[in-house]
Amino acid sequence: MTDPHVDTARVNTRQPEADALVLFGATGDLAKRKLFPSLYRLEKSGALHVPVIGVARSDWDTAAFREHTRESILQHIPDADPAVIDSLCASMELVQGDYSDPETWNSLRSALDSHNSLTAVFYMAIPPTMFPMVAKKLASVDLHHRGRVVVEKPFGRDLGTAIELNKTLHEVFHEDHIFRIDHYLGKEAVEDLLVFRFANTLIEPVWNRNYVRSVQVTMSETIDVEGRGSFYDSVGAIRDVLQNHLLQVVALLAMEPPAGADSGFLQDEKAKVIAAMRPIDPEALVRGQYVGYRDEPGVDPESATETFVAARLEIDSWRWAGVPWYVRVGKALPQTATEAMIELRKPPRMLFDEAGGPAPDRNLIRLRLGKNDGVTFALQAKTPGPELDSQEVHVGVDFAAALGERQDAYERLLGDALIGSLRRFARQDIVEGTWRVVQPALDNPGPILPYFKDSWGPTDADDILVDGDRWFSPTPVPEP
Ligand code: BG6
């Protein structure tokens, strides 16, 4: 499974700062929704010091590209400062041409030469099928020695194609010049999992099979496929988010403490815990599709693509053996949230039940990783009155209120790519490990079950729960 090009010990996690940003797919959707607003924020904070060179097939010139950038920013940040947009736009230019035309690549090279660029970031905001071709074209004009490449997920469609894609990229770029974006790794609350676990003496002693009964990670969205039907139908929830965002979150929740602060140690621990995950048992997985999905534009009317998946994972490590890990993701569900719920075992004896009501609930740790991020502990406290009884109380913190607003994930990751920090990017062995975990679900997906929009998916998802376990609804968050 490992590639001879990747000697993880040799991977250089910190590299020279970039002197140019090249954006492939500059007129596309990702650039518009995520990259231009992030560039604006970087410009505003003074962190963007490099020219931005868009590459696109669209018949545009630099003026049209700048105008498009301006509009995209204003659409996402209505109160954006016009002076900041102006200075960003002034640093932008467009190389227009067909990717198959050698002239396009010569023009790109000339553009980089004109800025004396030796270390560019080549950002591939293009369909993954184009990654190998673009990598080879960069090599054809000798630009592969003059920068690093940022690639967007999905990295392959399964374990075999992921290995193949990596092999092709490694023919052109060394592993430490490949920055694989998983935007969940750029989220503050996701990164906070490390701090929460390893900077709090209170947490770590109970974070294991002796005290934890189950762990549950839910990523639910109220939106449906929102016009992305033709893309989504070829992907589905397992490939779109379970293999990447969700398993990265699981790895951060389950891994052992890194041996040191160097980011290579963090990646090593993630790789180890993913290696300890059993490949998903198709019997412990339920796939659903919301009613109406097949009528979405671009979707096959007989599609068997899942828009919902729930699965039970097992981690064969000393820390987690025997603890069920549940993951659940879906579109058109009642709430938008990403939450990890840790349910602790009950105390060995229940003493505080004099009034004889329902047994107190077990302690819960609810980690909110999406909007309104924070953490809430569900604890027991004495019910006021003469009897010794307990009831649930919530002790929580909203991170935004306590710590202030934080950077957006794309802004952070783009900034990291520019300064040359690999810490928040996905390493090859980890990507391949996560594909290995989901592979049985791809090989043997089982039936697709319908569910109504605004429900929590097919009720069969309850069947994968171990006796006495339940699905927890995430904390409601106000829709924008
Ligand atoms: C993307 C998926 O990676 O993540 C989308 O392709 C999904 O389908 C999105 O909607 C969710 O990201 P976030 O940051 O809104 O939770």
Side-chain angles (χ1 to χ4, degrees), residues 18 20-45 47-78 80 84-99 104-105 107-108 111-112 115 117 120-131 133-135 137-138 143 147-155 178-184 186 226-228 230-232 235 240 407-418 425:
L21 171 63
V22 176
L23 221 52
F24 295 105
T27 56
D29 189 52
L30 179 74
K32 184 173 167 182
R33 281 187 303 114
K34 299 286 186 190
L35 303 182
F36 296 142
S38 298
L39 286 175
Y40 165 83
R41 293 192 183 100
L42 288 170
E43 176 75 22
K44 189 165 182 216
S45 67
L48 188 69
H49 317 285
V50 299
V52 180
I53 304 171
V55 182
R57 281 175 293 197
S58 311
D59 192 13
W60 291 13
D61 57 11
T62 292
F65 178 46
R66 289 176 176 170
E67 196 41 43
H68 172 72
T69 304
R70 182 183 304 279
E71 282 166 13
S72 312
I73 294 169
L74 286 171
Q75 199 178 334
H76 293 92
I77 313 172
V84 177
I85 302 184
D86 284 348
S87 68
L88 170 64
C89 286
S91 71
M92 300 181 84
E93 63 194 91
L94 188 74
V95 169
Q96 188 275 328
D98 199 288
Y99 285 33
T104 308
W105 300 93
S107 306
L108 175 60
L112 286 169
H115 294 289
S117 165
V121 166
F122 299 108
Y123 197 119
M124 300 213 196
I126 47 179
T129 47
M130 291 173 70
F131 296 166
M133 181 271 284
V134 170
K137 292 288 184 188
L138 284 169
L143 284 177
R148 45 188 175 255
V149 68
V150 177
V151 289
E152 278 283 340
K153 74 168 187 61
F155 316 118
I178 303 174
F179 286 52
R180 299 177 191 84
I181 282 215
D182 180 319
H183 79 278
Y184 267 53
E226 282 198 319
R228 295 162 78 215
S230 67
F231 158 76
Y232 195 87
V235 177
D240 188 38
Q407 259 183 329
D408 158 84
Y410 265 93
E411 175 190 355
R412 158 147 315 160
L413 293 171
L414 205 46
D416 280 354
L418 289 169
F425 292 84

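Partners of F155 according to the ring pair (Phe, Tyr, Trp, His ring centres under 6.0 Å) rule, which considers only residues two or more places apart in sequence or in another chain, do not exist here. Remark: R57 pairs with no residue by the salt bridge (Lys or Arg N to Asp or Glu O under 4.0 Å) rule, at least two apart or across chains. For D59, the side chain to side chain contact (heavy atoms under 4.5 Å, CB included) test picks out Q96, with sequence neighbours left out. Residues satisfying the salt bridge (Lys or Arg N to Asp or Glu O under 4.0 Å) criterion with K153, sequence neighbours excluded, are D240. Scored by the ring pair (Phe, Tyr, Trp, His ring centres under 6.0 Å) test, F131 finds no partners at all (sequence neighbours excluded). In this structure, E71 has no salt bridge (Lys or Arg N to Asp or Glu O under 4.0 Å) partners at least two apart in sequence or on a different chain.
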* Quick one: do D86 and R70 satisfy salt bridge (Lys or Arg N to Asp or Glu O under 4.0 Å)? Show the steps, please. => CA-CA 8 Å; D86 284 348; R70 182 183 304 279; 3.0 Å; yes

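With V50 as reference, L418 is the one residue of L418, L42, V22 to meet the side-chain contact (heavy atoms from CB on, under 4.5 Å) rule.
F36 and H68 have their aromatic ring centers within a separation under 6.0 angstrom.
Checked by atom type and distance alone, the side chain of R66 pairs as donor or acceptor with a backbone atom of C89 at under 3.5 Å. Side chain of T104 to main chain of Y99: no donor-acceptor pair is present (N/O by atom type, distance under 3.5 Å, no hydrogens or angles).
Taking 4.5 Å as the limit, every side-chain heavy atom of F425 sits out of range of all side-chain heavy atoms of I178.
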